[in-house]
Amino acid sequence: MPELPEVETIRQGLLPLVVGRTVVEASVSPEAPRLVAWPPRADDLCRGLAGQRIEGVGRRGKYLLFALADGRTWVVHLRMTGVLVYRPQGCGGGRFLRASFRLDNGASLCFADLRKMGRMWLVDDPAQVVGKLGPEPLSEGFTAADLGRLLARRSAPVKAVLLDQGAIAGIGNIYADEALFEARVHPRRPASSLSGEEVRRLHKAVGLTLVRAMGDRGSSFDHYVDARGEKGSHHLNVKVFRRTDEACFECGSLIQRIKVAGRSTHFCPQCQV
DNA sequence: CTTATTCCCTGATTGC
DNA sequence: TGCAATCAGGGAATAA
């Protein structure tokens, strides 16, 4: 499940490989009829990409944004099992290959996706896709006070707010659990019940958690690989995520798994209150 | 406006 | 051994 640290690792990996390159040919498998969310016809996305030079690779939340020479933006979201890899020799086959984008140096960007939940768009303005996202948690402008204001008007569990992309962009199930452990806050606490001190702790914890994960080039619990097809290593360094019934590194209590906001949630019943 | 629930997808896992 | 049910989870859609 690529979240902010994984998508950012992919972005940084793609940057030196594709910026300045031109897409020669794009193709989308008829087996993936929902992959192209816009334009309505996948063929129009392929035709629109062909001949376009890639001017930059950006990221907003969990979305990758490819700036094209004609001013339009190719937007890619990997959802659960999507993988976007740069292959110098082209994509070849592969059972889960859903789309391929051949570049002017003979290499290809290959989009594989076991569960077919990934989406892509070709739009005039990226805001058409990412316009409703909340602030970037790692931006300078996102302060503890901002987080406090966000949480203050929500009665939902604090974890549900962390997962809400319209509240904060880029946090998914792994890093919500990890940040809440880091902040010593119980995932079921109503968001508005956090004290000022707890809000400051959570703000710091979110940043620390995401930066650490990027330092490990992301977590490869399942399918995630970076732009060159390499796994990350942060799944070896998590404190609670998928550590059910294992000892808390802080206090030795057994990590518990519960459901919060419809998502499996891992926490230490001793450390997190 | 909010929150909760369902659906999409398919391989892996669990239960009988 | 086989087969069905369940689970994983991001985000859109829908319900309340």
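To find a chain, count down the sequence lines: A is the first, B the second, and so on, and within it residues start at 1.
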**Message:** Using five base pairs at each end to define the local axes, how bent is the helix from B:dT2-C:dA16 to B:dC16-C:dG2, to the nearest 10°?
**Reply:** 60°
**Request:** Calculate the interatomic distance between A:M80 atom CE and C:dA12 atom P; express it in whole Å.
**Result:** 15 Å
**Request:** Measure the distance from CZ on A:R154 to P on B:dA4 and round it to the nearest whole Å.
**Result:** 9 Å
**Request:** May I ask you to verify if any side-chain N or O of A:K116 is less than 4.0 angstrom from the OP1 or OP2 atom of B:dT10?
**Result:** yes
Show which side-chain atoms of residues 205-216 of chain A pair as donor or acceptor with protein atoms under 3.5 Å away, not counting sequence neighbours.
from, atom 1, to, atom 2, distance (Å)
A:T209, OG1, A:A205, O, 2.6
A:R212, NH1, A:E182, OE1, 3.0
A:D216, OD2, A:H234, ND1, 2.7
A:D216, OD2, A:N237, ND2, 2.8

**Asked** Hey, which of A:L45, A:D44, A:L122 is the one that makes side chain to side chain contact (heavy atoms under 4.5 Å, CB included) with A:V36?
**Response** A:L45
**Asked** Does OP1 or OP2 of C:dA8 have a side-chain N or O of A:R79 closer than 4.0 Å?
**Response** no
**Request:** If you link ILVMFWY side chains whenever their heavy atoms are less than 4.5 Å apart, which other residues fall into the same cluster as A:F181? By chain and number, please.
**Result:** A:V240, A:I255
**Request:** Identify whether any heavy atom of A:T81 sits under 4.0 Å from a base atom; if not, whether one sits that close to sugar-phosphate; answer base, sugar-phosphate or nothing.
**Result:** nothing
**Prompt:** Other than A:I258, what residues sit in its cluster of Ile, Leu, Val, Met, Phe, Trp and Tyr side chains whose heavy atoms are under 4.5 Å apart, directly or through others?
**Reply:** A:V260, A:F267
**Item:** Whole-Å gap separating C1' (C:dA12) and CZ (A:R34)
**Value:** 10 Å
**Asked** Using a side-chain heavy atom cutoff under 4.5 Å and only I, L, V, M, F, W and Y, what cluster partners does A:L163 have?
**Response** none
**Prompt:** With sequence neighbours excluded, what pairs up with A:R200 under the side chain to side chain contact (heavy atoms under 4.5 Å, CB included) test?
**Reply:** A:A144, A:E197
**Prompt:** Pick the nucleotide of DNA chain B nearest each of A:P157 and A:R263; which residue has the one closer to the 5' end?
**Reply:** A:P157
**Among C:dA8, C:dG10, B:dT3, the nucleotide that comes nearest once only the side chain of A:K259 is considered** = C:dA8
**Request:** For A:R153 and B:dT2, give me the distance from atom CZ to atom C1', rounded to whole Å.
**Result:** 11 Å
Exercise answer: donor-acceptor pairs, residues 22-32 of chain A side-chain atoms, under 3.5 Å, sequence neighbours excluded:
from, atom 1, to, atom 2, distance (Å)
A:E25, OE1, A:R102, NH2, 3.1
A:S27, OG, A:S100, OG, 3.2
A:S29, OG, A:E31, N, 2.8

**Request:** Look at all strands and tell whether A:Y175 reaches a base, only sugar-phosphate, or nothing, counting heavy atoms closer than 4.0 Å.
**Result:** nothing
**Asked** Hey, is A:C110 close enough to A:C91 that the SGs sit under 2.5 Å?
**Response** yes
**Nearest-Å distance for atom pair CG/P, residues A:L162 and B:dT3** = 13 Å
**Request:** For A:Y63, report the nucleic acid contact type (base, sugar-phosphate, nothing); a contact means any heavy atom under 4.0 Å.
**Result:** sugar-phosphate
**Prompt:** For A:L78 and C:dG9, what is the distance between atoms CG and P respectively, to the nearest whole Å?
**Reply:** 17 Å
**Request:** Quick one: do A:V273 and A:H186 satisfy side-chain contact (heavy atoms from CB on, under 4.5 Å)? Show the steps, please.
**Result:** CA-CA 5 Å; A:V273 275; A:H186 194 292; 5.6 Å; no
**Item:** Test side chain to side chain contact (heavy atoms under 4.5 Å, CB included) applied to A:D113 - qualifying residues, sequence neighbours left out
**Value:** A:T81, A:R98, A:F111
**Request:** Using atom CG of A:D222 as one end and atom C1' of C:dA8 as the other, report the distance to the nearest whole Å.
**Result:** 8 Å
Look for any protein N or O under 3.5 Å of an N or O in nucleotides 11-14 of chain B and output each such pair with its distance, or none.
from, atom 1, to, atom 2, distance (Å)
B:dG11, OP1, A:R95, NH2, 2.8

**Request:** For A:V85, enumerate each residue passing the side chain to side chain contact (heavy atoms under 4.5 Å, CB included) test, keeping only those at least two apart in sequence or located in another chain.
**Result:** A:V83, A:R87, A:V225
**Message:** Just the rounded figure in Å: distance from C1' of C:dG10 to CD1 of A:I171.
**Reply:** 14 Å
**Asked** Does a nitrogen or oxygen in the side chain of A:H77 sit under 4.0 Å from OP1 or OP2 of C:dG11?
**Response** yes
**Prompt:** What residues in residues 119-136 of chain A put a non-hydrogen atom under 4.0 Å from any atom of DNA chain B?
**Reply:** none
**Request:** Give the other cluster members for A:V75, using side-chain heavy-atom distances under 4.5 Å between Ile, Leu, Val, Met, Phe, Trp and Tyr residues; answer none if it is isolated.
**Result:** A:W38, A:Y63, A:L65, A:W121, A:V123, A:V129, A:V130, A:L133
**Asked** What nucleic acid atoms does A:M117 come within less than 4.0 Å of, heavy atoms only: base, sugar-phosphate, or nothing?
**Response** base
